[in-house]
Asks: 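One structure coming up, written as C-alpha cells, with questions to follow.
Just so we're clear, the structure is a prediction, and the values are computed from it rather than from any experiment. Worth knowing before you read on, the calculation uses all heavy atoms, side chains too, and leaves out hydrogens, waters and symmetry mates. Throughout, protein chains are lettered first and strands after them, A, B, ... in sequence-line order, and every chain is numbered starting at 1.
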Amino acid sequence: MRAAIVVFPGINRERDMAIALERATGRPPRMVWHKETSLDGIDLVVIPGGFSFGDYLRCGAMAARSPIMPAIHAHAARGGHVLGVCNGFQILTEAGLLPGALLRNAGLRFLSMDCHLRVERADTDYTAQYQPREIFRAPLAHGDGNYFAESETLDRLEGEGLVAFRYATPKGEINAHANRNGSARNIAGIYSPNLRVLGLMPHPEDLVDPLMGGIDGKPLFDGITAAFAA
Amino acid sequence: MLTGRRLTGDHAKIGQSQQGVDAAVHTSRPRARIDSPARISPFRSLEIPAERAAHVKAIVTVMLKEGVLDPQGKAIGHALGTLGFSGIGEVRVGKRIELELAETNPEAARAAAEEMGRKLLANLVIESFKVEIV
C-alpha cells in the first residue's frame, strides 16, 4: 500500500501518523504539501491532526479549500481510500467528503485524555483486524469534536451502517459519560457510503507501539495495509 | 505597528501626540497605490484615503442554525447571570465578517458576498448567514 500524508500549515500530527503508517506498510508514506495538486500512484490518502491554518474561521475550513483538495476529491470519487483523523476529520466534513460537522465540545473544554471506542463493524478495510464490537483505547486531543448532523442524516448513517466508532466506556457501554465532547449518538467516526473514506476524532496512530503505552490503534493500520496486500 | 521602521519612529517619538506619530509615518512611507491587486498590502484599509474608496462594504453575519448547540452562548449567558444581570434568555454567538468589495453596484456586491458565504464563510450544515451591503 502506498500511503500519502497531506500536510497543511498548522498540522502537527503528521510525524506520528508517518510512524504508524511506516510500521504497518514497511515504507515511509509520501508527505504531500497542501499546495501540490497530484496524488498519482497513491492508495491511501491520510489527513492528519493538528490546527490547520490556526483553525481560522472554522476548524478545517481553510484546508478544505486548498490546492490539493481537488486531487483528494478525485481520489475519493474513483473509489480511493481517505483517512482523516481529528483535524483531518474536520477537514473531510468541511470538504463535503463526509456529512455533518464538528462543533465546539459541549463542555467547551479542550479534551486531552484517553477515550474508548467501540468498533461498530469489523468488516471494513480499516477494521477487519478488530473484533465486532471490540472496545479499544485511543487518545483524544481536540476542542471541536462534537459531531453534529441533522437527525435524518444520523438516521441514514446508522441505517446504512456508516457509523465507524462510538465513544464507549471501557466496559463497552454507550452512554453520556463516555461521550465527553457531546457528539450526536456518541459518534466518534463515520464512513462514506463505499466505506473507503473514514473520519474519526481520536488518534489511533498514537497507540501503535508498546513504548507509546499500548498498541490499541495498530489493528487499524495493519488492517488497511492488509486490505491492499490481499 | 506597520513596520520595523515605524516602530523605530514610535520609540523615537515617545511622549509626542499620536497625531504627531502618524504624520511622521505618512511622510516617511510612500502611500500604497490601490489600482493593482499586486500592490495590496495587509494594511490596505489603513492606507486608502476615504475620497478614493470606490467600494462597497458587505457585512456577512454568520450564526449557528436554530437547534445547533451553542455552548459559547450558554457560557456567556451563565457569566452574565453571575455578574447580576437578570432576565437573560437564550444567548447566541455568531461572527460578523466585513468585506470590502471593489464593486459599485450593490446588487452585484450582494450576489458576490452571498456566493462567498455559501462557498466559505458559512458552513451551511450548521450555520446560516445574511448579507448586508453598506
Asks: Does a donor on one side chain and an acceptor on the other come within less than 3.5 Å for A:Tyr167 and A:Ser183?
Replies: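 No, no side-chain donor-acceptor pair sits under 3.5 Å.
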
Asks: Under 3.5 Å, side chain of A:Arg30 to main-chain N/O of A:Ile42, donor-acceptor pair present?
Replies: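 A pair under 3.5 Å: no.
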
Asks: Of the backbone (N, CA, C, O) and the side chain (C-beta and beyond), which part of B:Lys119 lies under 4.5 Å from a heavy atom of chain A, both, or neither?
Replies: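 The backbone, not the side chain.
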
Asks: Could you walk me through whether A:Phe136 and A:Phe165 pass the ring-ring contact (aromatic ring centres under 6.0 Å, His included) check?
Replies: CA-CA 10 Å; A:Phe136 73 96; A:Phe165 306 107; 5.6 Å; yes

Asks: Is A:Asn146 in contact with chain B via its backbone, its side chain, both, or neither, using a 4.5 Å heavy-atom distance?
Replies: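 Contact with chain B is through the side chain of A:Asn146 alone.
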
Asks: May I ask you to decide if A:Gly145's main-chain N or O and A:Asn181's side chain share a donor-acceptor pair within less than 3.5 Å?
Replies: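 Indeed, once roles are kept as given, a pair shorter than 3.5 Å links the two residues.
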
Asks: Please state whether the side chain, the backbone, both or neither of A:Arg104 comes within less than 4.5 Å of a heavy atom of chain B.
Replies: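 Interface part for A:Arg104: both.
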
Asks: Check each atom of A:Leu103 against the heavy atoms of chain B and say whether the ones under 4.5 Å are side chain, backbone, both or neither.
Replies: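 Contact with chain B involves the side chain of A:Leu103 alone.
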
Asks: Between A:His81 and A:Asp43, is any side-chain donor less than 3.5 angstrom from a side-chain acceptor?
Replies: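 Note: A:His81 and A:Asp43 side chains miss the donor-acceptor criterion.
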
Asks: Please state whether the side chain, the backbone, both or neither of B:Glu127 comes within less than 4.5 Å of a heavy atom of chain A.
Replies: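 Only the side chain of B:Glu127 comes within 4.5 Å of chain A.
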
Asks: Top residue by heavy-atom pair count (under 4.5 Å) with chain A, among B:Asn123, B:Val125, B:Ile126, B:Leu121?
Replies: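 Heavy-atom pairs under 4.5 Å are most numerous for B:Asn123.
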
